[in-house]
Amino acid sequence: AAVLELLSSLLVRGAPGAPNATAPVTVESHAVYVIHRLLQTQVTQGGRPLVFRWERLWKGLIRTLSRCSQSPEAQGLPHVATLAAQAMNLATFCVVHRGAICAPVDDIIPLIEAFISEDAMFARLAHGAAMHGYLVDAEDPSGGGSSGGRRTAVPAGSAAARRAGVRMENVFFIQNHFKNVPPARMRAAIHQGMALLELPVKDRLEAGWALNTTSTGGGSYSGGGGGGGGGGDGRGWVE
């Protein structure tokens, strides 16, 4: 738990250095990998839930993804692509295995709430990943995401779907599932709904999978609505 606390705090603050520069992103990538391996070990050993300030980790993951999505150009950098894929895969791992790692399981609710409230950030992340060829999105259950823009979907079972990258299926599935719930009722709806929610992605969640992410690199973007907001992690994610 002490290691999780330390590494989660690093992700919340961000490693020292220029945003999305190689050195800080490498440090954050290593932190995400170690966290993922620790939690993966917990699950493979039978799932002994940890007493830990889980919201610290959720905050760190959301801020990490927000930094990665600052601009489509930054998302084309190989080290940023890898970190985005790692952080997204770890978030997915935690949701899928919530009962084996969280004590109580309700500790996962703030992460689910962030999936929903940070829809604009996740849309930017998906857009940049699709632009640079590492979005792995076998299905699009939300009809294009809450931002209304279609994503470039990768056909299920294709070679591209088996390649490592940013996997958004569970996030968009959750956003779609709760999209009509009023904010005042959201926490109660998540509490009731998560026990019955059948998430579409449960495979390829091991810590090392996302390290094989490759970006097409280069690319330019001049449209509106892209990487705005800087590191803005939106509603509620404050120090």
Side-chain angles (χ1 to χ4, degrees), residues 1-13 31-66 86-122 125 141-142 145-146 167-207 232-239:
V3 174
L4 289 175
E5 183 81 24
L6 178 65
L7 296 179
S8 297
S9 295
L10 184 148
L11 295 179
V12 171
R13 297 190 308 268
V32 171
Y33 178 79
V34 171
I35 293 170
H36 201 146
R37 281 299 303 269
L38 285 171
L39 298 181
Q40 190 176 309
T41 299
Q42 286 291 118
V43 172
T44 56
Q45 290 181 348
R48 297 188 301 275
L50 294 167
V51 179
F52 164 67
R53 289 195 303 165
W54 289 101
E55 195 160 358
R56 193 70 175 163
L57 176 56
W58 311 151
K59 188 184 298 184
L61 289 175
I62 295 299
R63 288 194 172 182
T64 299
L65 291 168
S66 181
Q86 283 183 276
M88 195 67 255
N89 211 39
L90 175 53
T92 298
F93 176 90
C94 291
V95 173
V96 169
H97 295 288
R98 57 195 179 277
I101 61 173
C102 293
V105 72
D106 283 359
D107 284 339
I108 200 71
I109 289 179
L111 179 59
I112 302 302
E113 289 179 313
F115 282 179
I116 298 163
S117 65
E118 297 292 339
D119 54 350
M121 183 273 287
F122 283 109
L125 191 71
S142 65
S146 54
R167 307 180 70 191
M168 307 297 291
E169 301 102 318
N170 283 355
V171 170
F172 292 134
F173 183 86
I174 288 169
Q175 288 176 354
N176 188 58
H177 185 83
F178 294 105
K179 67 181 179 181
N180 295 321
V181 178
R185 295 187 55 244
M186 185 61 71
R187 180 166 284 252
I190 293 172
H191 177 80
Q192 296 169 1
M194 283 304 295
L196 303 175
L197 200 61
E198 189 66 25
L199 297 171
V201 172
K202 298 179 181 179
D203 65 330
R204 291 175 289 158
L205 297 178
E206 60 274 12
D233 30 46
R235 290 151 268 184
W237 296 98
V238 294
E239 194 73 65

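In what follows, every heavy atom counts, from backbone to side chain, and hydrogens, waters and symmetry copies are set aside.
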(request) Answer yes or no: is there a side-chain heavy-atom contact under 4.5 Å between Tyr33 and Leu90? (result) no
(request) Tell me, please, which residues at least two apart from Arg185 pass side-chain hydrogen bond (donor to acceptor under 3.5 Å, both in side chains). (result) none
(message) Are Leu65 and Glu118 packed together at the side-chain level, in the sense that at least one heavy-atom pair is separated by less than 4.5 angstrom?
(response) no
(request) Mind listing the closest non-hydrogen atom pair of Val201 and Leu205 along with its distance? (result) CG1-CD2, 4.5 Å
(request) Give, for atom CE of Met88 and atom CD of Glu169, the distance between the pair rounded to the nearest 0.5 Å. (result) 9.5 Å
(request) Walk me through it: do Arg13 and Arg63 pass the test side-chain contact (heavy atoms from CB on, under 4.5 Å)? (result) CA-CA 8 Å; Arg13 297 190 308 268; Arg63 288 194 172 182; over 6 Å; no
(message) I want to check something: taking the side chain as every heavy atom from C-beta on, are Ile112 and Met186 in contact at a cut-off of under 4.5 Å?
(response) no
(message) Phe122 vs Asp119, test: side-chain contact (heavy atoms from CB on, under 4.5 Å). Steps then yes/no.
(response) CA-CA 5 Å; Phe122 283 109; Asp119 54 350; 5.8 Å; no
(request) State the CG-CD1 distance between Leu39 and Ile101, to the nearest 0.5 angstrom. (result) 5.0 Å
(message) Rounded to the nearest 0.5 Å, what separates atom OG in Ser8 from atom CH2 in Trp54?
(response) 8.0 Å
(message) For Lys179 and Asn176: C-alpha separation, side-chain torsions, deciding distance, then whether side-chain contact (heavy atoms from CB on, under 4.5 Å) applies.
(response) CA-CA 5 Å; Lys179 67 181 179 181; Asn176 188 58; 3.1 Å; yes
(request) In plain terms, say whether Asp106 and Arg187 are close enough for a salt bridge, that is, a side-chain N and a carboxylate O under 4.0 Å apart. (result) no
(request) Would you confirm whether Gln42, through its side chain, and Ala100, through its main-chain N or O, come within 3.5 Å as a donor-acceptor pair? (result) no
(message) Please enumerate all residues that pass salt bridge (charged side-chain N to carboxylate O under 4.0 Å, His left out) together with Glu5, with sequence neighbours excluded.
(response) Arg53
(request) Working to the nearest 0.5 Å, report the span between CG of Leu111 and NZ of Lys59. (result) 13.0 Å
(request) Could you tell me which non-hydrogen atom of Ala189 sits nearest to which non-hydrogen atom of Val181, and how far apart they are? (result) CB-CG1, 3.7 Å
(message) For a 4.5 angstrom cut-off between non-hydrogen side-chain atoms, does Arg98 reach Met194?
(response) yes
(message) Please find the pair of heavy atoms, one from Thr64 and one from Ala87, that lie closest to each other, and give the distance.
(response) CG2-CB, 4.2 Å
(message) Distance check, rounded to the nearest 0.5 Å: Gln175 atom CD versus Met168 atom CE?
(response) 7.0 Å
(request) Mind checking the CG-CD1 spacing from Leu11 to Ile35? Nearest 0.5 Å is all I need. (result) 5.0 Å
(message) Does anything in residues 86-105 form a ring pair (Phe, Tyr, Trp, His ring centres under 6.0 Å)? List the pairs, not counting sequence neighbours.
(response) His36-Phe93, Phe93-His97
(message) Tell me the closest heavy-atom pair linking Gln40 and Glu206, and the distance in Å.
(response) OE1-CA, 3.2 Å
(request) Would you check if the side chain of Asn170 reaches a backbone N or O of Thr92 as a donor-acceptor pair within less than 3.5 Å? (result) no
(message) If you define the side chain from C-beta out and look only at heavy atoms, does anything of Ile108 sit under 4.5 Å from Ile190?
(response) no
(request) For the residue pair Ser9 and Arg56, confirm or rule out a side-chain donor-acceptor distance under 3.5 Å. (result) yes
(request) Step by step, work out the side-chain contact (heavy atoms from CB on, under 4.5 Å) result for Leu197 and Phe173. (result) CA-CA 10 Å; Leu197 200 61; Phe173 183 86; 3.6 Å; yes
(message) Looking at Trp58 and Asp107, would you say the former's side chain and the latter's main chain have a donor-acceptor pair under 3.5 Å?
(response) yes
